[in-house]
Structure formats: C-alpha cells, structure tokens
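For this chain, numbers begin at 1 and follow the sequence in order. Quick note: numbers below take in every heavy atom, side chains included, and nothing from hydrogens, waters or symmetry partners. These figures come from a predicted structure and were not determined experimentally.
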Amino acid sequence: MGPTQKPNVCHRLSRRSLGFFSRDAGVVQRTNLGILRALVCQESTKFKNVWTTHSKSPIAYERGRIYFDNYRCCVSSVASEPRKLYEMPKCSKSEKIEDALLWECPVGEVLPNPSDYKSSLIALTAHNWLLRISATTGKVLEKIYLASYCKFRYLSWDTPQEVIVVKSAQNKSSALARQAGIQQPVLLYLAVFHVLPFSLIGILEISKKVFGNVTDATLSHGILIVMYSSGLVRLYNFQAITEQFMQQKLDLGCACRWGGTTGTVGEAPFGIPCNIKITDTPPLLFEVSSLENAFQIGGHPWHYIITPNKKKQKGVFHICALKDNSLAKNGIQEMECCSLESDWIYFHPDASGRIIHVGPNQVKVLKLNEVGNNSTQHQISEDFVILANREKNKNENLPTVTASGRVVKRNFNLLDDDPEQETFKIVDYEDELDLLSVVAVTQIDAEGKAHLDFHCNEYGTLLKSIPLVESWDVTYSHEVYFDRDLVLHIEQKPSRVFSCYVYQMVCDPGEEETTNRSCEKE
C-alpha cells in the first residue's frame, strides 16, 4: 500500500484561522493536536537535549512540571529551556512531602474560588497533613490534618481528577506480640475525599477480624480491592460499604464530638476520626486467585487478565470474561521467549479495549472480537506486532575445528533480552497525539544506547525514531516520558543519585522532508 494522502500543515492552519470547523470546541483542539503530531513526526524535526540536571533526592514529572527535593522545587519544562516556577521554604524532615498528585480543573463545574480553576498539587506530608498547593506559585491553598492514630503514606486516584484515596502504612504485629497471641486489630486505613472543593467521604479501616490476613488494599473506581499473600484478590462495592457501615457523617471544618473528645474535623490535633468501621463481612462482588495478586480489568465487554497462581506459570496470562469467568478463545497468551526479565501485559490506556503484551523483542497489540455472530463469546486476535530490529547472531552454530582436525558444531542460543541485541524496555501511550512510544536499548561495547520510537497507535507503523544522547545502563532504574513536544528521561543511579535529561522538539529549516511517512497499515 502506498502512502496515504495526509493534510498539509499550512492548509490546516489556514482553515483554522478562517473558522472552517464545527462549533464543537473539541474539533479545534483535535485539529491543533493533529498539526502538532504532523510536526513531531516529520523528517526534519529533531529532539534536542536542552537541559540535564542531577539530584540527591527523587525527581518526579507531571504534565510539563519537573519536581525536585520532595516536591519542594518545581521547574517548568514547557519553555524552550526549563525554568524554575517556584521553590517552597525549607522544612523539617517531618514536614516533607511524601507523595503528591496533580489536580487539573474539571470542565463545566462552578467552583467557589477563582484559584480553584487553576491546577493544584494535592500533597501528603510526613506528619499527616493533606495540602492543596498552587501548581504555579507553590502557595498552600488548603490544608487538612488527617489523624494521629496511624501513619498515612500513599496517594492515589479512586476516580481520576474527582476522588482521591490516602492510604496508611500497614500495621504489622511485632514478634513479641505474635508470641503473646496479640493480633493487630486494624491492618490499614483508607481516607477518601472528593477534591475541589475538598469534602470528606470517610475513613475506612481494614481489620484482620473482618478480612483476615490482608497484605494490601486499595480503592479504584468505587471498588474496594483486598489482596492476600495466597494470591487471592477480592472485590467489594465501596458505596454499599459506606451506606451500611458509616457510623457518623463528618464534614470538614465542622465541630464534632467523638469518643468523649470535641474538636474541629480536619484541624489539629483532632483530625478526622475513623467513621467507617466494618463489623461484618460485606457482600462479595468478585474474587479470583492470581500469581503475585496480578489482576486487571478492562476491554469491551469487561474482561480480566490474571496469571495462574503457580510459580511455573509465570509469564502465562489468561484473559477471561468478567461476567462468567469463561476463558476467551485464544485467551491464553504466552510469549515464547527466554529472558532474565519477564514480559508484561496490560489493557491499552486508549480505552479501545485492546491489550498490549510486551516482551524483550516484540510488542503485540491484541484485540477482543466476537466469535462469529455470537455476542456472548469472544476471541483474542493480533491487531499488529512491533518487532525489535535484530540481526541473527553470526556466531551461532558455527563449527569449531579441534587440534586433531575434528569438526565440532556448537549449538547455543542467546537470551532474548541479551544486552547486545536491541531490547524493548518501556512502552507508553501519548493520548493527545495518539502515538505509541517505545524505548529500545542496545549494548554497544561498554555502554548501552537507547532510542525512542513513535508508532502509529492504529496500525503500528514506525513514524519517528529519536536517539537519546546519554548512555543507558540496564542495571539502573529508568523512566521515560513523551508529552507532546517534550521527551524526558529520569534515571536512578546507585547511592540514590538521580539524573534528569530534557529533550525539546526543534525543526531544522535546513533540511527538507524527503520521505512521506504516513500512518498506514503495512
């Protein structure tokens, strides 16, 4: 198939200026992103390393902002060269930020304060304060004191941009307590809030008496997920639990009497009492057993992915229907590879219902289809496959001549993730440009070299390849972000040394595009 006709960027810009679009504001945004995608993928566009920095504390990235020193310092990566947005005052170890989420203003909602329409950082401090911080100035806009009866440590979204979950560290019984037969009654707590304006849903306790020996628990999309060391995963309806077991409705900033003490909810030292105490096992929605509690739900209609709960089954994935647990046709996915690092699988984040299966030398994008005209049965089929660029090893199976003249054939196979062969390390999805980004690494002499490839999300066609100038050590921890016209690489070296490499898109006017790479099915 030859190159398909693609709209000219100048033509798109002219139509935009004349208003040749639907009245829907989303059409203009999609057109703008289409123009940006065309610029990103054209031959003359380069990505230049514009900034490199190092830190003794972890580096985080979120939507055009780079955070240093436990979120105390924020640098904007949107400008041609990163610039500091703000730096909060130095604080004690007990006041440092341990976890954070970026909140962005929802569309179509009336908010109480003008500052609420700007992005905020929702931050959790080491001494149990929940803060809302301006993402542009670093000013603390709101603060809530959680509690003194446990140590809160983790932040996550229950419903993205709407409901947050603050999870405590697990309470573990000491050896002396276990010998004495004393069991820790509460294993962990989950504090749940609506964001902006902040309103409390409740604080839920996960107790050993009700749930047993729980290893972890979390909330996701209104579902309480409880995990066990045996590999068992159980799902419960959080709203039903709230309606049945909430002892008292609490409002932030209001006076409250609890356990003989009176105070203001969300203010120190009173904090927020645990007001959802489950006294009996709630109705079970679903349970499944999976190796290492690996369990995902997605697809259209709903399916789930697990690994059978046996160590020898590691690397084998079962895709089953959620409604009746039936295995999809071709639903056992196993990538036949011999490697030190196992392959991984997940539902595609583009909400297409597809599945991405990543191995050392290939990326498979799978899709769910009905079997014939039977809407009750589904099968797994390949949508497309991205293969690593490899040459057959020339030293394989070469004959050796001994001193006596005898010819001996050597048979050996390299690992599929051998560092001297191109190996896939990271696969991500840029939702605004609808591109798959794939990091491939090859060990050349003493150092590794990496490049970031952009693939068409619909057909898998390679559209652009960007070399990373820094060396890539496969023994280090790496994160790579592709965000519109920005590529950012964060590397963690030994002794907690963190490095950050920022690449910006530049168009070289001295080069003309000679190759018309279109997003087409091969």
Which residue in the set L146, L101, I97 passes side chain to side chain contact (heavy atoms under 4.5 Å, CB included) when paired with L124?
L146
May I ask you to check whether D350 and N457 show a side-chain donor-acceptor distance below 3.5 Å?
yes
Evaluate whether atom CD of Q239 has more than 12 neighbouring non-hydrogen atoms of other residues, nucleotides or ligands under 6.0 angstrom away.
no
Nearest 0.5 Å, what's the CG-CZ distance between L486 and F47?
8.0 Å
Could you tell me whether the side chain of F286 reaches within less than 4.5 Å of the side chain of I223, counting heavy atoms only?
no
If you take all heavy atoms of S471 and E447, which pair is closest and at what distance?
CB-OE1, 3.6 Å
Heavy-atom closest pair, residues I306 and S289
CD1-O, 3.8 Å
Counting only N and O atoms by type, is there a donor-acceptor contact under 3.5 Å from the side chain of Q504 to the main-chain atoms of S77?
yes
Determine whether F198 and I164 make a side-chain contact, defined as any pair of heavy atoms from C-beta on separated by less than 4.5 Å.
yes
Return each pair, listed once, that meets salt bridge (charged side-chain N to carboxylate O under 4.0 Å, His left out) where at least one residue sits in residues 355-364; pairs must be two or more places apart or across chains.
K364-E382
pair E430-E432: side-chain heavy atoms closer than 4.5 Å:
yes
State whether the side chain of S134 and the backbone N or O of T137 hold a donor-acceptor pair below 3.5 Å, judged by distance alone.
yes
What are the two closest heavy atoms between D453 and S465, and how far apart are they?
OD1-OG, 2.6 Å
Checking H451 side chain against P467 main chain: does a donor-acceptor pair fall under 3.5 Å?
no
If you take all heavy atoms of E491 and Y476, which pair is closest and at what distance?
OE2-CD1, 3.5 Å
Going through the distances and angles, do R63 and E104 end up as a side-chain contact (heavy atoms from CB on, under 4.5 Å)?
CA-CA 10 Å; R63 301 290 293 176; E104 295 179 294; 3.7 Å; yes
Decide yes or no for E470 and S499: does some side-chain heavy atom of the first lie under 4.5 Å from some side-chain heavy atom of the second?
no
Donor-acceptor side-chain pairing of N325 and Y304 below 3.5 angstrom
yes
Nearest 0.5 Å, please: how far is CZ in F347 from CZ in R354?
13.0 Å
Under 3.5 Å side-chain donor-acceptor pair for D434 and Y429
yes
Parallel under 30°, tilted from 30 to 60°, perpendicular over 60°: which one fits the rings of W472 and H489?
parallel
Taking everything shown except K449 itself, do over 12 heavy atoms lie less than 6.0 Å from its NZ?
yes
For I201 and V163: C-alpha separation, side-chain torsions, deciding distance, then whether side-chain contact (heavy atoms from CB on, under 4.5 Å) applies.
CA-CA 9 Å; I201 295 175; V163 179; 4.0 Å; yes
Quick one: closest heavy-atom pair of L219 and D158, and the distance?
C-OD1, 3.9 Å
Do F193 and I122 touch side chain to side chain, with heavy atoms closer than 4.5 Å?
no
Look only at the side chain of D99 and the backbone of L155, and say whether a donor-acceptor pair between them is shorter than 3.5 Å.
yes
Can you tell if the side chain of E87 reaches within under 4.5 Å of the side chain of R72, non-hydrogen atoms only?
yes
Counting N and O atoms only, with roles assigned by atom type, does the side chain of Q170 sit under 3.5 Å from a partner on the main chain of T215, one being a donor and the other an acceptor?
yes
Within the 4.5 Å heavy-atom criterion, are V502 and I66 side-chain neighbours or not?
yes
K464 to F454 six-membered ring, cation-pi geometry met (6.0 Å, 45°):
no
Can you list the residues that meet the side-chain hydrogen bond (donor to acceptor under 3.5 Å, both in side chains) rule with S55, with sequence neighbours excluded?
S57
Any salt bridge between K314 and E292, counting N to O under 4.0 Å?
yes
Expected output: side-chain E422 to main-chain N389 donor-acceptor under 3.5 Å
yes
How far does OG of S120 sit from CZ of R132, to the nearest 0.5 angstrom?
4.0 Å
Any sub-3.5 Å donor-acceptor pair from H348's side-chain atoms to K367's backbone N or O?
no
Can you measure from OG1 (T52) to NE2 (H54) and round to the nearest 0.5 angstrom?
6.5 Å
To the nearest 0.5 Å, atom CG of L85 lies from atom OG of S76 at 5.0 Å
Could you measure the distance from the CD atom of Q313 to the CD1 atom of I332? Nearest 0.5 Å is fine.
8.5 Å
Start with the C-alpha distance between W157 and V195, add both sets of side-chain angles, then the distance that settles side-chain contact (heavy atoms from CB on, under 4.5 Å), and finish with yes or no.
CA-CA 10 Å; W157 291 109; V195 289; 4.1 Å; yes
Are K56 and V497 packed together at the side-chain level, in the sense that at least one heavy-atom pair is separated by less than 4.5 angstrom?
yes
I would like to know whether L436 and F384 meet side-chain contact (heavy atoms from CB on, under 4.5 Å); could you show each step before the answer?
CA-CA 12 Å; L436 281 175; F384 60 82; 3.9 Å; yes
Could D473 and K493 be called an ion pair, given the rule that one side-chain N must be under 4.0 Å from one carboxylate O?
no
Is there a donor-acceptor contact under 3.5 Å from the side chain of Q377 to the main chain of S326?
no
Locate the shortest heavy-atom distance separating L433 from R484; write the atom from each residue and the value.
CD1-O, 3.7 Å
Between W129 (side chain only) and I144 (backbone N and O only), is there a donor and an acceptor less than 3.5 Å apart?
no
Has Y61 got a side-chain atom pairing as donor or acceptor with G64's backbone, closer than 3.5 angstrom?
yes
